[in-house]
Amino acid sequence: MDYNYREVEKKWQDAWRKNKTYKTGIDRQKPKFYVLDMFPYPSGAGLHVGHPLGYIASDIYARYKRQKGYNVLHPMGYDAYGLPAEQYAIQTGQHPAITTERNISRYREQLDKIGFSFDWDREVRTCDPAYYKWTQWTFIQLFKHFYNNKTRKAEPIQALIAEFEVNGNAGVDAACDPVAPFSAIQWKTMDEAGRQQILMNYRLAYLSDTMVNWCPALGTVLANDEVKEGFSVRGNHPVERKKMKQWFLRITAYADRLLEGLERIEWSESLKEIQRNWIGRSEGATVFFGLKGHDASIEVFTTRPDTIFGATFMVLAPEHELVSQITTPEYATAVEEYVAQAARRSDRERMAEVKTVSGQFTGGYAMHPFSGKPMPVFIADYVLAGYGTGAIMAVPAHDSRDYAFARHFGLEIVEVVTGGNIEEGSYDAKQGRMINSDFINGLEVKEAISTVIARLEQMGIGTRRINFRLRDAIFSRQRYWGEPFPVYYKDSIPYVLDESELPLQLPEVDKYLPTETGEPPLARAIHWQTKEGYPLEHNTMPGFAGSSAYYIRYMDPGNDQALVSKEAVSYWQNVDLYVGGAEHATGHLIYSRFWNKFLFDLGIVVKDEPFQKLINQGMIQGRSNFVYRVKGSNTFVSFNLRKDYDVMPIHVDVNIVHHDLLDMEAFRQWNPEYRDAKFVLEDGKYICGWEVEKMSKSFHNVQNPDDLIERYGADTLRLYEMFLGPIEQAKPWDTNGIEGVFRFIRKLWRLYNGKENEWSVSDEPANDKEKKVLHKAIRKVGEDIEKFSFNTAVSSFMICVNELGDMACNKREILEPLAIMVSSFAPHLGEELWHRLGHTESVTIAPFPQWEEQYVADDLLTYPVSFNGKTRFKIELSAQSTREEVEAAVLSAPEAAKWLEGKAPKRVIVVPGKIVNVVI
RNA sequence: GCGGAUGUGGCGUAAUUGGUAGCCGCGCCAGACUUAGGAUCUGGUGCCGAAAGGCGUGGGGGUUCGAGUCCCUUCAUCCGCACCA
């Protein structure tokens, strides 16, 4: 008889639930620790083995921290709004809430089976009105605040209005859309519509008419992070540009704080780098170029003001507002055509044509601010309307794109920085001395930049400027299954609901489709209006709305008076350890940081950064198996013989392959097509080929945790997922190795139990050898957990159990601390052993054992002795030996003579406790 | 193109951070027990070699008594961004 994992795991899962073992509350006697997993979207497919990887790691860490005396907050909930449930609803007519509810219970069932230490009393769901009340509340606050660049924080819009009433907007420095200057008197004489229009330019949540990413297949707009290479991330549908009125969040106001904050948080360098790139800060200057025959001027942004004397022409984005003004009649037709063509092309097409140079001369000329030379003005779609000012000064000698353009249109190329060869190509490096550049000749690039900016500022035609690539986040979705906006329209002006009206509940609709007139699904809802009869907003919020502050809500999930109580937030503060995938780098992880910073400005949260330490678990890839079918037949050739035939590899279900050996009978049953399959075998076996690929149904390589738990138990699954390799690294899932971990579990059990599976732990005192094994394991496992090196911790457990097994150690003094340690990895087994050892309280609160130096120290050391760096033999010496004693012992050792060949060593290097190297 | 990461046995990996390369596990080989099994246990297993020994951390070079680890260079793979001025 062996360890009965089925019975034991079930028993403790029930007991933990019943006793609320993982319930957490504020306890000021203990230090807090907040361990969080990324919010899962409960998909219909359920969990596969890749999903729980991070949850297992964080669970081990949470359990370890509890045993170390921390009060650990470790919650779980569901990001329940999302497109798949709604797509399903559209197809079937079933309410997405029903599908979502069903998927959630399936998730919960799967999660429970793995033995996580979540405090389920804190569960939140984004689609729960009690939850989204606070998502809506936060939106209202965003609407009612603006970002003051002077104080670098969000401030009430009321304060802005007060300022307008006294001084107009002249003294205001806010993150906003361009607003024409106005005086206090002008403000006071404005009507309501005028004032609201002005204020909209300042609000952190604002309505704006701009080009958006429109996805016709999904029937909604998407944020930039939801689009990849012109296709929607979800569903991979084409995305096009469209002008629409949409809600936005002014995340750009926080660009510099989002960038700076990265310096203070412990995230992987690559993740921070992705965010830095996404934010895309660049330093430079804006410069105004006067136009010939016009009052208007073209504003450009450049990071290379030093090259201004090399600017020989100007390029505007086709969408630029000055295009129509500067185009001369003779070019009007050509320009119109080019603009129309550019507008027609999707992002996708634009990207595909990156290499081809296209553009159109407008007939207009700008004037060089220093030389006064005329510069032809072109339009071209290599200049993006959405970045900088949508216009550039082209410096062909020092910008490869401008160079290609100039060559194509035969424009002048003037070298102004030494170091390259402009005959061959542009010289883009920011290194060299200025030439052909009037007052900056001879300067280094860096000095030239500041000199030019100073001159521009002095002349009043330019300023130093920091530009960001980050755009404001589109916050409207033309979908049903999302949070309704707490917004209504009065005379077409948007207003937010009073907080007392929250939550504004998602209404019922007859269909989850847009209306015949193209309105979003909420337009179908009857009486979708305020008490006073004003129409409510038809859009809903995007997926990231509900997931942006969920970690705050976990601190105080039942509170209906506030997002979070002062008490809870002052205790739990922020997330100490966040575990999840890197795919959220430019979405959730940016939005959350922004959202948190805003709430921080409001004094709702106490930490400026939400996630102090973040671990990205690597993706678990699938390991696919292949059979090799002889083309045009139903004969399959074993792996090593496939070269002798003309074969085609076919994916085969990994569940009918064991250690790459095909279960031929199962294969025949697997698919009717193969019922009469013939096999060409090697050594009587059919060996399959294999490859590492994405885990996917279509590759027949999906492993779900339920099957493995059924076969090996949850503890084995947990240990095996950790044993696979470093948590942050992507690695293939290979079930072949799980047996080894399963054996370990049983070996561990046998330390505590006799041959007949009878409990057999002795109270005899342990000897020094046994203590050494234990204490070394305590030290190693503790250190490994602290540095999230779970794979090496599992390996240390194996070493420890192997050694104790060899010693046939069954002593309580050793096995009790071992049970505590192992319980964070294998909680069911740990809890069972702990109780059998006679304890009545849960092992989760047993203190993690302390290791002692006296037990781990060795008195004899094995010195490897090398000659000229090559290890030749080993010698055992007392740990107390001095350098001289070691040297003498080594040189007089019998093995040494052979290598010394009678010569005296040139030098002997002794590193105490480590090695000896003899140089001859 | 720019940025980040990773290259170690047949496979997943480890290496006290410059000090015995290959721990632990899988697989494989041999043996034991067996109602010859996709069970369990014991031993072996980097490569070449009969051995002595030699070679060996993607390749090349360097620093050092000593390099998987540091430096230079090069190749490969993965990821992110990409006409961002």
Side-chain angles (χ1 to χ4, degrees), chain A residues 2 228-229 268-278 280-282 284 300-304 307 315 350-351 353-357 380-384 386-395 398-402 404-405 428 467-471 582-583 585-586 618-619 621 623 658-661 663 690 692 719-720 723-726 728-744 746 779-780 783 789 791-792 794-799 802 862-874 905-911 913-920:
Chain A
D2 258 331
K228 211 179 150 182
E229 286 168 13
S268 71
E269 205 39 55
S270 69
L271 192 57
K272 288 197 214 177
E273 202 54 36
I274 291 172
Q275 290 214 342
R276 283 190 198 109
N277 290 341
W278 190 258
R281 181 183 195 271
S282 48
V300 305
F301 173 72
T302 176
T303 55
R304 296 294 302 274
T307 62
V315 187
R350 273 174 86 147
M351 255 177 259
E353 288 167 36
V354 163
K355 296 284 176 281
T356 44
V357 177
D381 64 6
Y382 83 92
V383 173
L384 304 177
Y387 182 78
T389 60
I392 61 158
M393 63 174 204
V395 184
H398 305 286
D399 181 289
S400 54
R401 298 152 302 178
D402 297 345
F405 195 85
D428 298 14
N467 209 33
F468 294 94
R469 198 191 77 108
L470 185 74
R471 319 281 170 82
E583 67 271 20
T586 52
M619 239 218 316
Q621 296 145 307
R623 186 182 189 276
H658 304 279
H659 296 309
D660 293 335
L661 291 183
D663 180 336
W690 63 274
V692 171
L719 280 161
Y720 187 55
F723 187 60
L724 230 39
E728 303 202 60
Q729 202 170 295
K731 55 215 161 243
W733 176 263
D734 181 356
T735 320
N736 292 338
I738 200 167
E739 306 272 349
V741 174
F742 189 48
R743 255 174 233 141
F744 161 76
R746 285 180 295 172
R779 179 172 65 179
K780 183 77 164 80
E783 282 171 2
S789 179
N791 55 326
T792 54
V794 175
S795 160
S796 305
F797 277 127
M798 288 176 172
I799 293 168
N802 287 347
T862 307
Y863 280 90
V865 180
S866 49
F867 288 77
N868 289 342
K870 288 194 193 303
T871 310
R872 296 302 180 181
F873 64 91
K874 281 160 199 170
K906 275 191 200 142
R907 200 173 152 193
V908 180
I909 291 130
V910 177
V911 183
K914 302 254 179 178
I915 57 114
V916 179
N917 190 18
V918 182
V919 187
I920 46 172

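Quick note on labels: first sequence line is chain A, next is B, and so on, each numbered from 1.
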J.: Could you measure between the two C1' atoms, the one in B/rG68 and the one in B/rA15, and give it in whole Å?
T.: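 9 Å, rounded to whole Å.
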J.: Answer with base, sugar-phosphate or nothing: what part of the nucleic acid does A/K906 contact at a heavy-atom distance below 4.0 Å?
T.: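 The residue A/K906 makes no contact with any strand.
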J.: Between B/rA85 and B/rU17, how far is it from one P atom to the other, in whole Å?
T.: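 Their P atoms lie roughly 43 Å apart.
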J.: A/A585 and A/Q275: which non-hydrogen atoms are nearest, and at how many Å?
T.: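 Looks like O-NE2, 2.9 Å.
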J.: So, using salt bridge (Lys or Arg N to Asp or Glu O under 4.0 Å) as the criterion, who are the partners of A/R471 when residues are at least two apart?
T.: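 Partners of A/R471 under the salt bridge (Lys or Arg N to Asp or Glu O under 4.0 Å) test: none.
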J.: B/rA5 pairs with which nucleotide, Watson-Crick or G-U wobble, both distances below 3.5 Å?
T.: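 Here B/rA5 is engaged in a pair, and the nucleotide opposite it is B/rU77.
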J.: Take atom P in B/rA52 and the same atom in B/rG46, then report the distance between them in whole Å.
T.: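 Each nucleotide's P atom is 14 Å from the other's.
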J.: Using a cutoff of under 3.5 Å, can you pull out all pairs of nitrogen or oxygen atoms linking the protein to nucleotides 41-48 of chain B, with atom names and distances?
T.:
unit_1: B/rC41; atom_1: OP1; unit_2: A/R750; atom_2: NH2; d: 3.3

J.: Mind checking A/V919 for me? I need base, sugar-phosphate or nothing, with any heavy atom below 4.0 Å counting as a touch.
T.: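 Touches sugar-phosphate only.
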J.: Determine the Euclidean distance between corresponding C1' atoms of B/rG31 and B/rC48; express it in Å to zero decimal places.
T.: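 Straight-line distance between the two C1' atoms is 27 Å.
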J.: Please name all residues satisfying side-chain hydrogen bond (donor to acceptor under 3.5 Å, both in side chains) with A/D399, sequence neighbours left out, ordered by chain then number.
T.: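 A/R401.
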J.: Quick one: A/R623 CZ to B/rC11 C1', roughly how many Å, whole number?
T.: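 The distance from CZ of A/R623 to C1' of B/rC11 comes to 8 Å, rounded to the nearest Å.
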J.: So, OP1 or OP2 of B/rA82: does either fall under 4.0 Å of a side-chain N or O from A/R469?
T.: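 So the side-chain polar atoms of A/R469 do come within 4.0 Å of the phosphate oxygens OP1 or OP2 of B/rA82, strictly under.
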J.: Using a cut-off of strictly less than 4.0 Å, decide whether A/N802 has a side-chain nitrogen or oxygen near OP1 or OP2 of B/rG25.
T.: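 Checking B/rG25 against A/N802, a side-chain N or O does come within under 4.0 Å of OP1 or OP2.
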J.: Pick the C1' atom in B/rG37 and in B/rG44, then give their distance to the nearest Å.
T.: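 After rounding to an integer number of Å, I get 23 Å for this pair.
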J.: Please report the distance, rounded to the nearest Å, between OH in A/Y720 and C1' in B/rG25.
T.: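 The answer, rounded to whole Å, is 8 Å.
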J.: If I pick the P atom on B/rG10 and the same atom on B/rG58, what distance separates them, to the nearest angstrom?
T.: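 Comparing P positions in B/rG58 and B/rG10 gives a spacing of 13 Å.
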J.: Mind checking what makes side-chain hydrogen bond (donor to acceptor under 3.5 Å, both in side chains) contact with A/T303, not counting sequence neighbours?
T.: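 Partners of A/T303 by the side-chain hydrogen bond (donor to acceptor under 3.5 Å, both in side chains) criterion come out as none, since no residue qualifies.
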J.: Contact between A/F867 and A/F873 at the side-chain level, heavy atoms closer than 4.5 Å - yes or no?
T.: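 Result yes, sub-4.5 Å side-chain heavy-atom pair found.
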J.: Looking at A/R746, I'd like to know whether one of its side-chain N or O atoms comes within less than 4.0 Å of OP1 or OP2 on B/rU40.
T.: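 Affirmative; the distance criterion is met.
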J.: For nucleotides B/rG18 and B/rC70, find the distance between their C1' atoms and express it as a whole number of Å.
T.: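 Rounded to whole Å, the distance is 8 Å.
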J.: Go ahead and name the base partner of B/rA50; Watson-Crick or wobble counts if both distances stay under 3.5 Å, otherwise write none.
T.: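 Checking every strand shown, B/rA50 finds no partner, since no pair has both distances under 3.5 Å.
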J.: Send over the distance from A/I799 CD1 to B/rG25 P, rounded to a whole Å.
T.: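 Taking atom P of B/rG25 as the reference, CD1 of A/I799 is at 8 Å.
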J.: With sugar-phosphate meaning primed atoms plus P, OP1 and OP2, does A/S268 contact a base, only sugar-phosphate, or nothing at under 4.0 Å between heavy atoms?
T.: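 Touches nothing.
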J.: Reckon A/I909 touches a base, only the sugar-phosphate, or nothing at all at heavy-atom distances under 4.0 Å?
T.: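 Contact class for A/I909: base.
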J.: Does A/S270 reach a base, just sugar-phosphate, or nothing at all? Heavy atoms under 4.0 Å.
T.: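 Result for A/S270 = sugar-phosphate.
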J.: Tell me whether B/rG4 sits syn or anti, counting syn as a glycosidic angle within 90° of 0.
T.: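 Anti.
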J.: Heavy atoms only, 4.0 Å cut-off, all strands: where does A/N736 land among base, sugar-phosphate and nothing?
T.: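 A/N736: backbone/sugar contact only, no base atoms under 4.0 Å.
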J.: Under a 3.5 Å cut-off for both contacts, is B/rG22 paired Watson-Crick or G-U wobble with anything, and if yes, with which nucleotide?
T.: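 Matched B/rG22 with nothing under the 3.5 Å cut-off.
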J.: Only pairs with both distances under 3.5 Å count, Watson-Crick or wobble alike; so what is the partner of B/rC28 in this structure?
T.: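 With both distances under 3.5 Å, B/rC28 matches B/rG44.
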J.: Within 90° of 0 counts as syn, otherwise anti: where does B/rU17 fall?
T.: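 Glycosidic conformation of B/rU17: syn.
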J.: When we call it a touch if two heavy atoms are under 4.0 Å apart, what does A/E273 touch: a base, just sugar-phosphate, or nothing?
T.: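 Since only primed, P, OP1 and OP2 atoms lie under 4.0 Å of A/E273, the category is sugar-phosphate.
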J.: When you look at A/Y382 and A/D402, which way does the side-chain contact (heavy atoms from CB on, under 4.5 Å) test go after all the steps?
T.: CA-CA 9 Å; A/Y382 83 92; A/D402 297 345; 2.6 Å; yes
J.: Could you label the plane-to-plane angle of the A/F797 and A/F744 rings as parallel, tilted or perpendicular, counting under 30° as parallel and over 60° as perpendicular?
T.: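 A/F797 and A/F744: tilted rings.
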J.: Who does B/rU64 pair with, Watson-Crick or G-U, both distances under 3.5 Å?
T.: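 Check on B/rU64: unpaired, no WC or wobble geometry under 3.5 Å.
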J.: Have a look at A/Q729 and say if it touches a base, only the backbone sugar-phosphate, or nothing, with a 4.0 Å heavy-atom cut-off.
T.: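 Counting heavy atoms under 4.0 Å across all strands, the contact made by A/Q729 is with sugar-phosphate only.
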J.: Go through the structure and list residues passing side-chain contact (heavy atoms from CB on, under 4.5 Å) with A/N736, not counting sequence neighbours.
T.: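 Only A/R623, A/H659, A/D734 meet the side-chain contact (heavy atoms from CB on, under 4.5 Å) criterion with A/N736.
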J.: Ignoring the backbone of A/I392, work out which of B/rA85, B/rU20, B/rC24 is nearest its side chain.
T.: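 Closest nucleotide to the A/I392 side chain: B/rA85.
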J.: Could you work out, with side-chain hydrogen bond (donor to acceptor under 3.5 Å, both in side chains) as the rule, every residue matching A/E273, not counting sequence neighbours?
T.: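 Counting only residues at least two positions away or on another chain, A/E273 forms a side-chain hydrogen bond (donor to acceptor under 3.5 Å, both in side chains) with A/R276.
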J.: With the side chain counted from C-beta on, respond yes when A/T302 and A/M393 share a heavy-atom pair under 4.5 Å apart, and no when they do not.
T.: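 They are in contact (side-chain heavy atoms under 4.5 Å apart), so the answer is yes.
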J.: Between B/rC81 and A/N277, counting only base atoms on the nucleotide and side-chain atoms on the residue, is there a donor-acceptor pair under 3.5 Å?
T.: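 No, no donor-acceptor pair under 3.5 Å.
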J.: Considering heavy-atom distances to RNA chain B, does A/A730 or A/M798 have its closest nucleotide positioned more toward the 5' end?
T.: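 Final value for this comparison: A/A730.
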J.: For the P atoms, the ones on B/rU63 and on B/rG80, what distance do you get once it is rounded to whole angstrom?
T.: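 Here B/rU63 and B/rG80 have their P atoms 40 Å from each other.
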J.: Please determine whether a side-chain nitrogen or oxygen atom of A/R872 lies at a distance below 4.0 Å from atom OP1 or OP2 of B/rG54.
T.: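 Answer yes for this pair, as a side-chain N or O of A/R872 is under 4.0 Å from OP1 or OP2.
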